[in-house]
Amino acid sequence: MRAPEQILTAEQMQAAEQRLIDGGETVESLMETAGAGAAAYVYRACGTRSVTVLCGPGNNGGDGYVIARHLQARGVEVQVVAPLDPATDVAKAARVAWGGTPVETASEAVFVDCLFGTGLGRPLDDDLLGLLHKLAEAHDYRIAVDLPSGVDSDSGELLNDALPQYDCTIALGAWKFSHWLMPAMDLMGTRKLVDIGVGPVSSAAHLSRAPKLTAPPRDAHKYSRGLLCVIAGDMPGASVLAASAARHGGAGYVKILAAEESQYFTAPHDVVIERGSLYDLVSDRRIDAFLVGPGLGLSDQARARLDWVLACDIPTVCDADALTLLEPSMIEGRDCPIIATPHAGELDRLANAFEATGMDRVEMISELAEDIEGVLVAKGPDTLIGSAGSAPVIMPPAPSWLSTAGTGDILAGLIASRLATGASSRKAAEQGCWLHGEAARIAGPAFSAEQLVEAVPAAYSAFL
Ligand SMILES: NC(=O)C1=CN([C@@H]2O[C@H](COP(=O)(O)OP(=O)(O)OC[C@H]3O[C@@H](n4cnc5c(N)ncnc54)[C@H](O)[C@@H]3O)[C@@H](O)[C@H]2O)[C@H](O)CC1
Ligand SMILES: [K+]
């Protein structure tokens, strides 16, 4: 069985390659399959335009010699630039099989970067970086094989400050984290994957798959579809926006609970505002989920409200100010899951509060998900979802137009709505992110938060 959405660390990739070798493959046959598959993509993208392949010393370079040979066999004019001789036996053999003579430099048409892949261990030195940029600038179409050279495979960090932008990146065998994490993700262009027979790797991270949502059953009513209560705080606008979005996320009933002393505010007519003692309002046994945090504020009163909501032990989404206030003691003894939805700054603050520091972002979200015994949605241009006891999930990129005020409140509302319908915390998080991204695609360029909310029903229908 194939596992095209799985995302492997360099170490998991090497182990997967070793399992294939133990199963009868050889490094040569794997390189041949990887190189031939990559050459097919290059040929489909560029036809018989001339190609320059930059080959490094390792097996990424070995791929390059295989690609050169396959393209030449199809009649393509290929030049190879090899600043470093092959260091591995299989790359040496691939160079011999190519049979040509490398050139010092080349220009025009298509550039194929096979300098380094998952074995890059340190920043490129000035000479190699200069050659990489020179060749990239001298060609009008740029393809990276396995990874753009200079990228750290597991973290998505750039080991060199400035790296070339590519039109296409051809991943070999499996996605690596840097194909889907910033800043490396931004260099990739379109991403292609060459299958070399790597099977499912247990506990591997994976790309989130589009959800299959359902319409309510015929005998549904507002309570059976789920009652979500959004806690209003000092700045009720954010909770109104979150509740407005939640109406379209699947829950049958959305309320805003406002403390009697909080300022007067209005909401859409189909969002009920209940005002009174919060301690009494949250005790309604029909409540299926809470959303607390948007507009909550950071006062002692806000902290007390958060504490009380968490003490109710109902599935709860904690967003925004709730993440600034959240402390380990607040979740002790809970059985129901929490979904935390931090942006980068809130993630750092949570990591300090829960002593999950000194690790990279992928490890951190898994560690924090265990600490809160729930799910953590690390929001950003690359959204990572960690859940206690499961491997991380990476969301496919959503439109950058989401970088506008209020979209975080909307995401929290959508996730909380999914949670209120009875979806597991992990599914609720992924489904909320999919609805959010699809609504952004439907809303088109330069949408406001209100327009994003209006696009959610059409987004929902995309997953029915
Ligand atoms: N995924 C697959 O199924 C296959 C992957 N293949 C390719 O193999 C590379 C990984 O090969 P590896 O030799 O481990 O690493 P690299 O080719 O990236 O090169 C590492 C090589 O370079 C030296 N090195 C590391 N950093 C630097 C530096 N900054 N400056 C100079 N030299 C450096 C290091 O010592 C190594 O010698 C993978 O990406 C795929 O492209 C195979 O084709 C098999 C199938
Ligand atoms: K490369």
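Indexing begins at 1, ligand by ligand and atom by atom, following the structure's order. The figures here come from the full heavy-atom set of this structure, side chains too, leaving out hydrogens, waters and symmetry mates.
For atom 1 (N) of ligand 1, a protein heavy-atom neighbour is present inside the 4.0 Å cut-off. Remark: atom 32 (N) of ligand 1 lies closer than 4.0 Å to at least one protein heavy atom.
Because the distance cut-off is set at 3.4 Å, D113 qualifies as a neighbour of the K ion (ligand 2) through one of its N, O or S atoms. Residue G117: no N/O/S atom is found under 3.4 Å from the K ion (ligand 2). Because the distance cut-off is set at 3.4 Å, V145 qualifies as a neighbour of the K ion (ligand 2) through one of its N, O or S atoms. L147 lies close to the K ion (ligand 2), since one of its N, O or S atoms is found at a distance under 3.4 Å.
Partners of D360 under the salt bridge (Lys or Arg N to Asp or Glu O under 4.0 Å) rule, at least two apart in sequence or in another chain, do not exist in this structure.
Within ligand 1, counting atoms from 1 as listed, the ones closer than 4.0 Å to a heavy atom of I196 are 2 (C), 3 (O). Near G121, with a cut-off below 4.0 Å to any heavy atom, the atoms of ligand 1 are 25 (C), 26 (N).
Look at D140 and R49 and you find a salt bridge, because one of the NZ, NE, NH1 or NH2 atoms lies within 4.0 Å of a carboxylate O, short of that distance.
With a 6.0 Å cutoff to the six-membered ring centre and a 45° limit on the axis angle, R74 counts as a cation-pi contact of Y43. Stacking of R209 on the aromatic ring of W434 is not recorded, the 6.0 Å distance cut-off and the 45° axial limit not both being met.
Proximity of T118 to ligand 1, defined as any heavy-atom pair under 4.0 Å, is shared by backbone and side chain alike.
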